[in-house]
> 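Structure provided below as structure tokens; questions to follow.
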Amino acid sequence: MVHFVIVGLLVVASTLGLGLFLTNAPILPLQASEQAITVDWLFNIHWWLIAFFFSLITVFVLYSVFVFRRKRGERGDGKYVSHNDRLEIIWTAIPIGIVLILAVIGASTLADVERRDANALTVDVYASQWVWRFEYTAEVLTEAGETILTAVSTDTLVLPKDRQVVLRMRSADVIHSFWVPEFRVKQDVLPGGDEFVRELRITPNMEGLYKVRCAELCGQLHYAMLADVQVVTPAEFDAWLAENAGDCNLGDEQCGQRWATTYGCTACHSLTGESGVGPTWLGLFGHDVTLSDGSVVTADLEYLHTSIVDPNAQIVQGFQPGIMPQDFAVRLTEEQIQQIIAFIVSLQ
């Protein structure tokens, strides 16, 4: 009996030490959403169970090895034990009970994570190789005091702090997966019709800058499929929404810069001269461009227009075909295309 008491005390001590280490180790990133707090709570339960069962097994084994080892001078065999019905029933029933309890806790946690707030903000998320785009439809109070229903499209996910956001996600090509580690929750994004639209709920609780990552291997440039996430105060969010709402009433170059950001062009084409997924736009207009077939063309207005509406027609040497979205001729109006061209021309 004394051995069981000693082993029991050692198991408790080992569980406490290991459990405190695992639950306090800097393994996970910030808890930047209410869902992250809930998920981490469930995660910590598993850490404590891991600590207990690891201690239970290792302490019993090590204690037996050192205390009941063959002593000097002993020559006989140890006691032969074939089985123990009571012990086998116990170590079968306990894991079953734990699994059932974890199933109930897991279902309750999932229901809590997916609980929809009546005041939730809905954002449509569009994924494609290798760009994220976010569209907002919301009521905005104009400077004239008029409330209008407007739409905003951007390549940066801007979220108000402490307000639940429902992300309605769809893919234009292959399976992607929306994941912001600080928010913990993750959701696959599927191609297809409306029946394949998937939702994800997030309630940001910490202002800051984060990064959307694609967690599904989606192609050659999967690693570059990133987007910024900015969590701001509700007042800052309303101001941002009002500022970006409606048509662009700026000059052609400024509007072109807005569309280039909105539709993710600048995620691949740098404005600084650095080579990225696509050629840089800095100093592009009017200069010679060597294509993949060895021919040389001048980057004039016609070349820029063709590169937008039919990007595979003239592949620049050193870059891959099929990377740029092929549907900008449909997604952009001719006015938006001309404004983007005006923006590129201005980058000298």
Side-chain angles (χ1 to χ4, degrees), residues 11-58 95 98-117 120-121 123 125 127 130 132 134 156-167 169 175-189 198-218 222-234 237:
V11 168
V12 171
S14 175
T15 301
L16 288 175
L18 188 58
L20 289 174
F21 170 75
L22 292 173
T23 54
N24 289 281
I27 300 174
L28 300 175
L30 290 172
Q31 292 179 336
S33 74
E34 295 298 324
Q35 289 76 15
I37 296 174
T38 304
V39 171
D40 285 1
W41 172 80
L42 182 61
F43 203 63
N44 283 337
I45 291 179
H46 287 77
W47 277 132
W48 280 107
L49 286 173
I50 291 170
F52 170 71
F53 283 108
F54 179 84
S55 301
L56 184 67
I57 296 171
T58 55
I98 292 175
V99 170
L100 292 175
I101 292 172
L102 287 178
V104 173
I105 295 176
S108 175
T109 303
L110 181 61
D112 187 41
V113 168
E114 294 190 341
R115 183 172 293 111
R116 183 162 189 161
D117 191 325
L121 170 72
V123 180
V125 179
W130 288 270
W132 296 99
F134 311 99
T156 297
L157 181 59
V158 181
L159 303 176
K161 178 175 175 288
D162 296 328
R163 181 180 178 186
Q164 188 185 83
V165 178
V166 178
L167 302 177
M169 298 185 285
I175 298 176
H176 300 279
S177 186
F178 181 97
W179 181 41
V180 179
E182 290 81 0
F183 297 160
R184 297 296 188 276
V185 288
K186 182 165 68 71
Q187 175 63 55
D188 283 352
V189 187
R198 294 293 180 267
E199 292 188 351
L200 184 67
R201 293 167 177 78
I202 299 171
T203 309
N205 61 4
M206 188 178 299
E207 295 176 43
L209 294 174
Y210 309 98
K211 191 72 76 177
V212 178
R213 305 172 193 278
C214 180
E216 184 79 30
L217 183 59
C218 59
H222 155 74
Y223 68 90
M225 191 169 171
L226 306 171
D228 291 330
V229 181
Q230 186 175 7
V231 178
V232 298
T233 65
F237 176 77

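We count residues from 1, following the sequence as given.
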> Do any pairs count as a side-chain hydrogen bond (donor to acceptor under 3.5 Å, both in side chains) and have a residue in residues 47-56, sequence neighbours left out, and if so which ones?
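Every side-chain hydrogen bond (donor to acceptor under 3.5 Å, both in side chains) pair that includes a residue of residues 47-56, provided the two are not neighbours, is S14-S55.
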> Of the non-hydrogen atoms in K186 and A215, which two are nearest, and what is the gap between them?
CD-CB, 3.6 Å
> Once rounded to the nearest 0.5 Å, what's the spacing between atom CD of Q230 and atom CG of L209?
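It is 5.5 Å, given to the nearest 0.5 Å.
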> Looking at side-chain heavy atoms only, is the closest gap between R163 and T203 below 4.5 Å?
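No, every pair of side-chain atoms sits at 4.5 Å or beyond.
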> Taking the side chain from T109 and the backbone from I105, do they hold a donor-acceptor pair closer than 3.5 Å?
yes
> From D162 CG over to S33 OG, what is the distance, rounded to the nearest 0.5 angstrom?
11.0 Å
> Less than 6.0 angstrom separating the ring centers of F178 and W132, yes or no?
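That pair passes the under 6.0 Å test.
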> Considering only residues two or more places apart or on different chains, which pairs with a residue in residues 17-32 satisfy side-chain hydrogen bond (donor to acceptor under 3.5 Å, both in side chains)?
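Of all non-adjacent pairs touching residues 17-32, those that pass side-chain hydrogen bond (donor to acceptor under 3.5 Å, both in side chains) are Q31-D40.
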> Show your working on side-chain contact (heavy atoms from CB on, under 4.5 Å) between V166 and R116 and close with a plain yes or no.
CA-CA 8 Å; V166 178; R116 183 162 189 161; 3.9 Å; yes
> Testing V125, T156, V158 one by one against F134 for a side-chain contact (heavy atoms from CB on, under 4.5 Å), which residue passes?
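The side-chain contact (heavy atoms from CB on, under 4.5 Å) with F134 is passed solely by V125 among V125, T156, V158.
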> What is the minimum heavy-atom distance between L18 and F54, and which atoms define it?
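Nearest pair, atom of L18 first, then F54: CD2-CD2, 3.5 Å.
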> Can you tell me how far the CG atom of L110 sits from the CD atom of Q35, to the nearest 0.5 Å?
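Reported to 0.5 Å precision, the distance equals 11.5 Å.
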> What I'd like to find out is whether the side chain of V229 reaches to under 4.5 Å of the side chain of K211, using heavy atoms alone.
no
> Working to the nearest 0.5 angstrom, can you tell me the gap between H176 NE2 and C218 SG?
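SG of C218 is found 5.0 Å from NE2 of H176.
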> Evaluate the criterion side-chain contact (heavy atoms from CB on, under 4.5 Å) for residue pair I175 and V189; output intermediate values, then yes/no.
CA-CA 6 Å; I175 298 176; V189 187; over 6 Å; no
> Show the numbers, then the answer: is there a side-chain hydrogen bond (donor to acceptor under 3.5 Å, both in side chains) between S177 and D188?
CA-CA 4 Å; S177 186; D188 283 352; 3.1 Å; yes
> Show the numbers, then the answer: is there a side-chain contact (heavy atoms from CB on, under 4.5 Å) between Q164 and I202?
CA-CA 6 Å; Q164 188 185 83; I202 299 171; over 6 Å; no
> side-chain contact (heavy atoms from CB on, under 4.5 Å), that's the test. Do D112 and W41 meet it? Break it down for me.
CA-CA 12 Å; D112 187 41; W41 172 80; over 6 Å; no
> Measure across P29 and R184 and return the closest heavy-atom pair with its distance rounded to 0.1 Å.
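For P29 and R184, the tightest heavy-atom pair comes out as O-NH2, 2.8 Å.
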> Test salt bridge (Lys or Arg N to Asp or Glu O under 4.0 Å) on E199 and R201; report intermediate values, then the result.
CA-CA 7 Å; E199 292 188 351; R201 293 167 177 78; 3.1 Å; yes
> How far apart are the closest heavy atoms of P234 and P160, and which atoms are they?
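Where P234 meets P160 most closely, the heavy atoms are CA-CB, 4.3 Å.
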> Could you tell me if the side chain of Y210 sits less than 4.5 Å from the side chain of V231, heavy atoms only?
yes
> Less than 4.5 Å apart, any side-chain heavy atom of V39 and any of I37?
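V39 vs I37: side chains apart.
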> So which heavy atom on A127 is nearest to which on M225, and how close?
CB-CE, 3.8 Å
> Measuring from N205:CG to F183:CZ, what's the distance to the nearest 0.5 Å?
8.5 Å
> Looking at side-chain heavy atoms only, is the closest gap between K161 and V232 below 4.5 Å?
no
> How long is the straight-line distance from CG of L102 back to CG of L49, given to the nearest 0.5 Å?
5.5 Å
> Heavy atoms only: give me the nearest W179-V185 pair and the separation to one decimal.
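Taking every non-hydrogen atom into account, CD1-O, 3.8 Å.
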